[in-house]
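Chain identifiers are assigned alphabetically (A, B, ...) following the order of the sequence lines, protein sequences preceding nucleic acid strands; residue numbering begins at 1 within each chain. We use all heavy atoms of the structure for the numbers below, so side chains are in, but hydrogens, waters and symmetry mates are not.
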2 protein chains.
Amino acid sequence: MNAASDKLKHARDEFVGQWGALGTQWGINRTMAQIHALLMTSPEPRSTDDVMEELQISRGNAHTNLKELVAWALVRSVVRKGDRREYFEAEKDVWKIFTTVARERKRREIDPALGVLRRCAEESQDIDTPEGRAFYEQMRQLQEFVEFAANMADRVASMKHGFAVQMAARLLG
Amino acid sequence: MNAASDKLKHARDEFVGQWGALGTQWGINRTMAQIHALLMTSPEPRSTDDVMEELQISRGNAHTNLKELVAWALVRSVVRKGDRREYFEAEKDVWKIFTTVARERKRREIDPALGVLRRCAEESQDIDTPEGRAFYEQMRQLQEFVEFAANMADRVASMKHGFAVQMAARLLG
DNA sequence: CATCGATTTCAGTTTTTATTGAAAATCAAA
DNA sequence: TTTGATTTTCAATAAAAACTGAAATCGATG
């Protein structure tokens with residue numbers, strides 16, 4: 001019977017659609033989030049044409065976002081013997097997804113902020129007025145905090161799942 | 001002499017501009033990030049007209065983004081006796097900024113994701129095929145992880161600075 | 001080295017988001 | 001109340017981001 005298959009299709013469509021909407025709220029483009037959702041819940045790798053068909057999007061769009069997901073290391077491309085097409089599969093282990101995202105966001109969001117703060121602190125360190133010193137102090141505090149955050153992100157990104165659970169238990173217990 | 005004042009103005013402009021650019025990369029609108037940067041480095045609260053002047057933006061834009069920052073609780077409005085205008089000042093304590101952002105992002109990003117995952121898990125829990133069970137399992141694992149993240153966000157958001165430093169030392173040491 | 005399926009690029013278009021500026025609403029003081 | 005300063009809203013516009021579709025490129029195979 002096919003009720004189960006229909007129900008699954010419905011549930012997956014729901015997930016893909018909703019995940020896309022969430023992505024938008026997080027500043028991630030909708031298509032990229034949808035493809036990620038689709039691949040995370042696909043038992044088999046999918047071709048570009050598969051993805052185009054499933055999400056009703058153009059080739060260019062599918063291509064760009066698949067490559068972007070590969071750049072994030074959330075998706076890898078696989079080749080099948082005797083098939084010239086490229087297939088894509090998503091990492092499904094949630095802890096690995098998390099550490100990957102942590103690493104990538106550190107690189108894309110935290111590190112550049114650190115650069116800005118360091119330069120601004122440097123630039124303001126010998127402005128010898130009360131306002132200048134206050135500005136310098138603020139830069140320093142932001143810098144220190146972001147350095148701390150960078151450090152944490154590195155630690156977390158390199159944690160093994162087991163250790164993280166253990167630490168969480170200690171922290172949450 | 002005025003070299004110090006010029007240098008400070010230059011450094012602040014640098015910071016405001018760069019912070020705005022970073023904001024864009026993080027999916028935050030540029031004006032909002034710029035206003036935040038400006039207020040974080042202003043010794044005195046600023047009026048809407050102040051902000052318009054400083055960033056060369058329209059009244060509507062300044063107004064909207066100031067209110068948005070107030071909604072995020074990163075900025076509060078203050079009244080000065082004998083002055084009808086509204087002034088705005090930013091929270092400057094980096095730890096408070098962090099906990100505020102953590103709380104707000106949990107509410108805006110994590111909680112909605114949890115809703116989606118719970119519904120999708122619910123909807124798929126009795127699809128009695130291998131594919132259906134795999135889908136359900138994936139939803140469950142994502143849900144569990146996001147619940148864990150929500151929990152962590154709550155803990156972190158309610159931490160006192162001192163405790164956080166202590167914990168960090170333990171974690172990083 | 002010519003063919004053909006597949007991938008990549010990109011100019012043009014659509015959609016979404018941000019911004020302006022002026023009109024409307026608010027509100028304290030005269 | 002009326003006045004005038006201030007805040008708020010919002011239709012119009014501008015800017016940015018996402019998407020399309022087709023042409024160009026690539027690369028394995030005969």
Taking any heavy-atom pair under 4.0 Å as a contact, classify A:N61: base, sugar-phosphate, or nothing.
base
Does the side chain of A:Q125 pick up a donor-acceptor pair with the side chain of A:R140 at under 3.5 Å?
no
Taken to the nearest whole Å, CG/A:L55 to P/D:dA18 is 16 Å
Heavy atoms only, 4.0 Å cut-off, all strands: where does B:T64 land among base, sugar-phosphate and nothing?
nothing
Of A:H63 and A:T24, whose nearest nucleotide on DNA chain C comes first from the 5' end?
A:H63
Separation of B:I28 atom CD1 from D:dA16 atom C1', in whole Å?
17 Å
Cation-pi check, B:R80 to B:Y87: give yes when NZ or CZ is under 6.0 Å from the six-membered ring centre and within 45° of the ring axis, no otherwise.
yes
Describe the nucleic acid contact of A:R85 in one word from base, sugar-phosphate, nothing, applying a heavy-atom distance below 4.0 Å.
sugar-phosphate
Covered region of DNA chain C, 5' end to 3' end, by chain B [heavy atoms, under 4.0 Å]:
C:dA18 to C:dA28
Within this structure, what is the CG-to-C1' distance between B:L66 and D:dT8, rounded to whole angstrom?
13 Å
Rounded to the nearest 0.5 Å, what's the gap from CZ on B:F145 to CH2 on A:W95? Could you check?
6.0 Å
Rounded to the nearest Å, what distance is computed from the CZ atom of residue B:R30 to the P atom of nucleotide D:dA14?
16 Å
Pair A:W26 and B:W26, ring centroids less than 6.0 Å apart:
no
